[in-house]
Every structure is written in structure tokens, then in C-alpha cells.
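Residue indices begin at 1 and follow the sequence shown. Whatever order the structure lists ligands and atoms in, that order sets their numbers, starting from 1.
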Amino acid sequence: MAYPTFIPPERTLMGPGPSDVSQRVLNAMARPTIGHLDPLFIDLMDEIKALLQYAFKTSNALTMPVSAPGSAGMEACFANLVEPGDKVLVCVNGVFGQRMVENVIRCGGQAVVIEDSWGSQTDAQKVEDTLSAQPDIKILAFVHAETSTGVRNDAQQLCRLAQKYDCLSIVDAVTSLGGIEVDVDGWGIDAIYSGSQKCLSCVPGLSPVSFGPRAVECIQSRSTPVQSWFLDMNLIMGYWGQGGKRAYHHTAPVNSLYALYESLRMLKEEGLEHAWDRHRSGHEKLLKGLSDLDIEFTVDEAYRLPQLNVVNIPKGVDDARARQQLLEDFNLEIGAGLGDLAGKVWRIGLMGFACKDRNIDHCIASIANVIR
Ligand SMILES: Cc1ncc(COP(=O)(O)O)c(C=O)c1O
């Protein structure tokens, strides 16, 4: 049997990720593969680290992409920082907070959970009350940009609480990095992970992470080995660490890293602040267009994510059929609601390269057509 070449259609990706990847990044990825210990590739690794430090706003030496998607960055943070018996306070107001709880449990930790309703922000007062009542909590973990609900949690305030109560912080920045402000050093974040496929507009499959000095000290002074060999930062440091001499740990995804480098160059050329402004004004344009169609936004304006717009599905519209029609007739992908919000909302991504006027106009016109 002959297998035909797979030629994907040219979709407009305006769901919760992956987002559109520019031709420039795709071209970079198609360049010749070289060895992952080639001196030229080692130089490229250093450039990637420097650009990630720029994107995260940090001088953390342990800043690098994990060779796997955002979920692996999440696991890397929990597997390295949580030891059996450790108490971790997790803020849950969506799917990805729930996954953090799963990670704590699988690392043998004790999860203390604060829940807030889906669509609202984590309540900082509840966090403070819990941290002051339970001084043995070692880590505070939360999702900065909850992709399942479109809510921005107040990372700066939560990290301030972690410091006040002498906890380490683990922050999920998968959807926030490059789309809204993330300030690792300024906010005192100890461990953070992101994803390549959201506002960085790179291909999926890489997870930038950064660990600050307190986190590195915690990893180096563990009394039990990290249960994941692949994600053990003590070992990865020998490969992604400082200096020209690198020890083989695993074969890095060379071409995906070319793509990440190119997408980070694009972010640097635009400038972080300009990228945040572009997401903000893209959101405002989408808001205006959808409001004209009487479509309401689900999340309060005060903590709404510009890069992930959650809207109530208009009354009488069949969710699955409408999204299928958008895909088939307009080549437009938007996201369905998850968990508590399934069947009630759509999630419209304006992430990275996808956040541009042409896409927003196309999205508004296509939705208008479909709901008519
Ligand atoms: C907030 C958040 N955390 C973690 C992940 C997991 O990332 P990945 O799907 O790349 O493994 C996602 C993916 O959508 C996410 O939105």
C-alpha cells in the first residue's frame, strides 16, 4: 500500500494552542540537522539560554528549554522541588491547577488545595490565611494564565506571599510568556515553566524553564534522588549548564531548537513590551468585534487574559457544529470549553504570531457567518 505525503491545510490557529507558526520559524526548522554536541550547536544553546533569560526577565543561570512539551516543564519543576512528605499549597481555578495537584501527589508530596471557581481569580487572602496557618508548607504553586478559563492570576502578589511565608514558588507560565508581563527576577519567582507553542509561536514540543538560586539550592540538597531520570536537573545541568564542556544527557531536538531560537529572535526584535501591547490591542479589537455580535466575554475585565479570550456560546448555537463549520468552511480553529466550562464557552486564542489584525477580522467575520 502506498502512503501519500501528508500535506496539512493552512489553518488559522486561534484556539488555546498551538498557535500559528511563522514561515520564518518553519524555514529555520528545515535547515540541516547537525550533531547536538557540535561546537556550533553548543554556541546556539548558549544563545537560546540568553534569549530565554530575556523573555523570562531573569539572570537565572539555570534557564533552558526542556526537550518536551509544557507538561514536561511542569513535571520538571515538581519532580525536582518536591520530596516525599513535602507540603505544597496549590491554587486551583481550572484544569492546569488540577494537574499541579496530580504532580504533587505523584511526587509523594502532600497537596494542600485552595479552590476558586472556574472563571474567577485565585483569592490571595485565602492563600495568605493558609500559609500563615500552616508554616510547614514548603512550596506555593499556581498557574499564571489559566488556559482553561482565560483567567490571569496575580503572579506578583502570590509570589510576594510565597516570599513572606518563606516558601518556594512554582509558576505555570505556559500561556503567559510573551503575551503578558512575566518578571521572574522582579517578582521573585523560584521556578517557572512555559511552552513553545503559545505566545512564543514556535512549534509544539519544548518547554522553557528557569530555576532561581533558592530552587537550585533545594534541588542540590535533596535527600532523595529525583524520581525521573530524564527530568533530573542535577543531570541536565551537565548538558545545558555553563561553559563549553557539555556531557551527553539526551539527544536534543536539534531542529526544534533552531525553531525556538528563531521565534525568540523575533520576540527580541519586537521587544517584550511591544509584544504585550500587541496582545492587548488585539484583544480590544476582538472584544469590539464580538460585542457587536452580542457575544459576551465570560471573564471579568480586571483579570481577563488578552491572549486567551473566553466567550459565552451564543444561545441556540450548537457548539460542536459551529466549531466544525469554522474549521471546514473557514479553516479557522477555535477552542472548546474544558471541564466545568465544556459546552458553555469558546476559547479564542490570540497568541504570538496569530495575534494580528488579519486573523482577528477573519475570526469575527467567520463567527458572524456561522452563528447567523
Ligand atoms: C496553562 C498550561 N499549562 C500546561 C500546559 C501543558 O502544555 P503542553 O500541552 O505543551 O504539554 C498547557 C497546555 O495547554 C497549559 O495551557
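Protein heavy atom in closest approach to atom 3 (N) of ligand 1: Asp172 OD2, 2.6 Å. Among protein heavy atoms, atom 8 (P) of ligand 1 sits closest to Gly70 N, 3.5 Å.
Distances below 4.0 Å separate heavy atoms of Thr175 from the following atoms of ligand 1: 16 (O). When each atom of ligand 1 is checked for a heavy atom of Thr147 under 4.0 Å away, the hits are 1 (C), 2 (C), 15 (C), 16 (O). Each of the following atoms of ligand 1 lies closer than 4.0 Å to a heavy atom of Lys198: 13 (C), 14 (O), 16 (O). In the vicinity of Ser71, heavy-atom distances shorter than 4.0 Å reach the ligand 1 atoms 6 (C), 7 (O), 8 (P), 11 (O). Close approach to Pro69 involves these atoms of ligand 1, each under 4.0 Å from a residue heavy atom: 8 (P), 10 (O), 11 (O).
Closest heavy-atom approach to atom 9 (O) of ligand 1 within the set Gln197, Glu146, His144, Glu75: this belongs to Gln197.
The minimum heavy-atom distance between Met45 and His36, with the atom names listed, is SD-O, 4.4 Å.
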Please list, one pair per line, the donor and acceptor atoms closer than 3.5 Å that link side chains of residues 364-372 to other protein atoms, with sequence neighbours excluded.
{"residue": "Ser366", "atom": "OG", "partner": "His362", "partner atom": "O", "Å": "2.6"}

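A salt bridge does not link Arg323 with Glu328: every distance from a Lys NZ or Arg NE/NH1/NH2 to an Asp or Glu carboxylate oxygen is 4.0 Å or more. Looking at Arg265 and Glu262, a side-chain N of the basic residue comes within less than 4.0 Å of a carboxylate O on the acidic one, giving a salt bridge. Residues Lys288 and Glu284 are not paired through a salt bridge, judged by the lack of any N-O separation under 4.0 Å between the basic side chain and the carboxylate.
The environment of CG in Asn312 is crowded: more than 12 heavy-atom neighbours from other residues, nucleotides or ligands sit within 6.0 Å.
The distance criterion of under 3.5 Å between nitrogen or oxygen atoms is not met by Phe96 with respect to ligand 1.
Heavy atoms of Ala145 come nearer than 4.0 angstrom to ligand 1 in at least one pair.
Proximity of Pro204 to ligand 1, defined as any heavy-atom pair under 4.0 Å, is not found for any part of the residue.
Asp319 and Trp346 share a side-chain donor-acceptor pair at under 3.5 Å.
By the side chain to side chain donor-acceptor pair (under 3.5 Å) test, Thr224 is found to be paired with Glu83, Arg222, residues two or more places apart in sequence or in another chain being considered.
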